[in-house]
S.K.: 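Below you will find the structure I want to go over with you.
First listed ligand is number 1; within each ligand, the first listed atom is number 1. Note that the numbering runs from 1 along the sequence shown for the chain. This is a predicted model, so every value here is computed, not measured.
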Amino acid sequence: MARRPVVAANWKMHKTHLEAIQTVQKLSYLLSKEDTDRIEVVVCPPFTALRAVQTIIEADRLPFALGAQDVHWEDRGAFTGEVSPPMLAALRVTHVIVGHSERRQHFGETDATVARKLRAVFGHDMTPILCVGETDDEREAGRATDVVTSQVREDASKVGPDQAARLVIAYEPVWAIGTGKACSPEDAGEAVRAIRDVLESMYSTDVAESVRVQYGGSVTAGNIREFMAVPEIDGALVGGASLDPEEFALIVKH
Ligand code: PGA
């Protein structure tokens, strides 16, 4: 089954709404229709830039999907500082990063909260980009596969097969994020195969073959081809290298 690769820009806590507009405009000059037909391109600005980026995508009919970097699981309520799924859906956000390791590490996110967020995103017809990955210590201890597969099991528990088939998973080893020390394509391929095996055991071969699995962690224009050459890998989640539209365009074009 042919899976359309998906390359997502995770800008993290970078760019004001004005800088975000400029970046998206530049990106639109650098990418052709052939590029975005071949690869789904998702831009994930900070919350404060979502409305501005939505407006420019719609006004100029840019072939980019709009993604958010996080979400709360409730539709509304007394949760100061949080943003809900319907608020994102109203901005025509189509993708939401869920369970990024920075949220797990610095903001106490657990598999239980990630699971709630995943269901909430699906509940509003958006596509979660579920991030999983092991730490340095876990890899050293030979536990990388166990950690990643148990994250998928717990985070996607209670997600039905129809929804699961639409999932995007980003395999992002924590030690590779923002360090310039990318995972080897062989190790990334092995982790992605393990992710598909667990999806097969939770759902079916069809679901396991439908889910798109990205690699993330120090992806650059210089190493993207090695990852895309691995048949199991269906794109990338890009942090630092996505901030520069020229480099990000090269990653999409690889
Ligand atoms: P990086 O970040 O590309 O800067 O390593 C990836 C991510 O956190 O999604």
Side-chain angles (χ1 to χ4, degrees), residues 5-15 19-20 23 27 39-47 49-50 53 64-71 93-109 114 117-118 121 127-136 138-139 144 147-148 151-152 155 167-185 187-189 191-192 195 211-228 230 233-254:
V6 50
V7 174
N10 174 12
W11 290 349
K12 309 192 180 185
M13 198 171 71
H14 294 282
K15 297 188 191 287
E19 293 162 340
T23 308
L27 198 57
I39 309 259
E40 184 175 16
V41 175
V42 187
V43 181
C44 306
F47 288 133
L50 282 174
V53 174
F64 306 143
L66 183 60
Q69 298 175 16
D70 189 24
V71 69
V93 164
T94 52
H95 294 68
V96 184
I97 297 173
V98 177
H100 191 279
S101 69
E102 286 152 16
R103 306 269 351 144
R104 296 182 195 250
Q105 270 187 308
H106 307 308
F107 301 96
E109 196 135 303
V114 173
K117 291 181 178 194
L118 209 63
V121 170
T127 299
I129 300 178
L130 168 65
C131 300
V132 296
E134 80 287 355
T135 63
D136 214 359
E138 289 162 343
R139 176 159 286 269
V147 168
V148 167
Q151 284 174 331
V152 172
D155 300 348
L167 194 57
V168 175
I169 296 181
Y171 168 61
E172 297 207 304
V174 177
W175 49 270
I177 295 177
T179 57
K181 199 174 82 178
C183 186
S184 75
D187 286 348
V192 174
I195 290 171
V211 169
R212 290 176 296 170
V213 188
Q214 304 171 306
Y215 168 73
S218 298
V219 169
T220 63
N223 64 19
I224 181 71
R225 266 197 216 122
E226 297 167 33
F227 292 105
M228 296 306 285
V230 180
I233 298 180
D234 308 312
L237 180 56
V238 188
S242 74
L243 297 173
D244 171 7
E246 301 205 346
E247 172 141 29
F248 186 64
L250 288 175
I251 292 173
V252 173
K253 288 173 177 290
H254 59 273

S.K.: What protein heavy atom sits nearest atom 4 (O) of ligand 1, and how far away is it?
M.R.: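 Sorting protein heavy atoms by distance from atom 4 (O) of ligand 1 puts Gly240 N, 2.8 Å first.
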S.K.: Counting each atom of ligand 1 from 1 as listed, which ones have a heavy atom of Ser218 under 4.0 Å away?
M.R.: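 The list of qualifying atoms is 1 (P), 3 (O), 5 (O).
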S.K.: Output yes when a side-chain donor or acceptor of Arg104 lies under 3.5 Å from a complementary backbone atom of Gly99, and no otherwise.
M.R.: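 Checked: pair present.
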S.K.: Is a side-chain N or O of Trp11 found less than 3.5 angstrom from the main chain of Ser242, in a donor-acceptor match?
M.R.: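 Here the side-chain-to-backbone pair exists.
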S.K.: For the backbone of Gly235 and the side chain of Gln214, can you confirm whether one donor and one acceptor N or O come within less than 3.5 Å of each other?
M.R.: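 Pair absent, no side-chain N/O of Gln214 close to backbone of Gly235.
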S.K.: Might you point out which heavy atoms bring Val230 and Gly189 nearest each other, and give the distance in Å?
M.R.: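 That would be CG1-CA, 3.9 Å.
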S.K.: Assess the residue pair Val238 and Phe248 against the criterion (side chain to side chain contact (heavy atoms under 4.5 Å, CB included)); give the C-alpha distance rounded to whole Å, side-chain angles, the decisive distance to 0.1 Å, and a yes or no.
M.R.: CA-CA 8 Å; Val238 188; Phe248 186 64; 4.2 Å; yes
S.K.: Give me the residue, atom name and distance of the protein heavy atom closest to atom 3 (O) of ligand 1.
M.R.: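 Here the closest protein heavy atom is Gly239 N, 2.8 Å.
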S.K.: What I want to know is whether Ile177 and ligand 1 share at least one N or O pair that is separated by under 3.5 angstrom.
M.R.: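 No: no nitrogen or oxygen of Ile177 is under 3.5 Å from one in ligand 1.
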S.K.: Which ligand 1 atoms, with their elements, are less than 4.0 angstrom from a heavy-atom of His100?
M.R.: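 Near His100, meaning under 4.0 Å from one of its heavy atoms, ligand 1 has 7 (C), 8 (O), 9 (O).
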S.K.: Would you mind checking which non-hydrogen protein atom is closest to atom 2 (O) of ligand 1, with the distance to 0.1 Å?
M.R.: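 For atom 2 (O) of ligand 1, the nearest protein heavy atom comes out as Lys12 NZ, 3.2 Å.
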S.K.: What I'd like to find out is whether the side chain of Lys181 reaches to under 4.5 Å of the side chain of Asp136, using heavy atoms alone.
M.R.: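 With C-beta onward as the side chain, the pair touches.
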S.K.: Within this structure, what is the CD-CD distance for the pair Gln69 and Glu102, rounded to the nearest 0.5 Å?
M.R.: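 Here the rounded value is 9.0 Å.
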S.K.: I'd like to check which ligand 1 atoms, numbered from 1 as shown, lie under 4.0 Å from a non-hydrogen atom of Gly178.
M.R.: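 The atoms of ligand 1 under 4.0 Å from a heavy atom of Gly178 are 1 (P), 4 (O), 5 (O).
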S.K.: Mind checking whether Gly217 has an N or O less than 3.5 Å away from an N or O of ligand 1?
M.R.: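 N/O-N/O distance below 3.5 Å does not exist for this pair.
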S.K.: Say whether Thr179, considering both its backbone and side-chain N or O atoms, lies within less than 3.5 Å of an N or O atom on ligand 1.
M.R.: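 Thr179 vs ligand 1: no N/O contact under 3.5 Å.
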S.K.: Would you check the N or O atoms of Ala241, main chain and side chain alike, for any that come under 3.5 Å of an N or O of ligand 1?
M.R.: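 So ligand 1 has no N or O lying under 3.5 Å from an N or O of Ala241.
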S.K.: What residue and heavy atom of the protein are closest to atom 7 (C) of ligand 1, and at what distance?
M.R.: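 Its nearest protein heavy-atom neighbour is Glu172 OE2, 3.1 Å.
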S.K.: Check whether any side-chain N or O of Gln151 sits under 3.5 Å from a backbone N or O of Gly133 as a donor-acceptor pair, and report yes or no.
M.R.: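 Yes, Gln151 side chain to Gly133 backbone: donor-acceptor pair under 3.5 Å.
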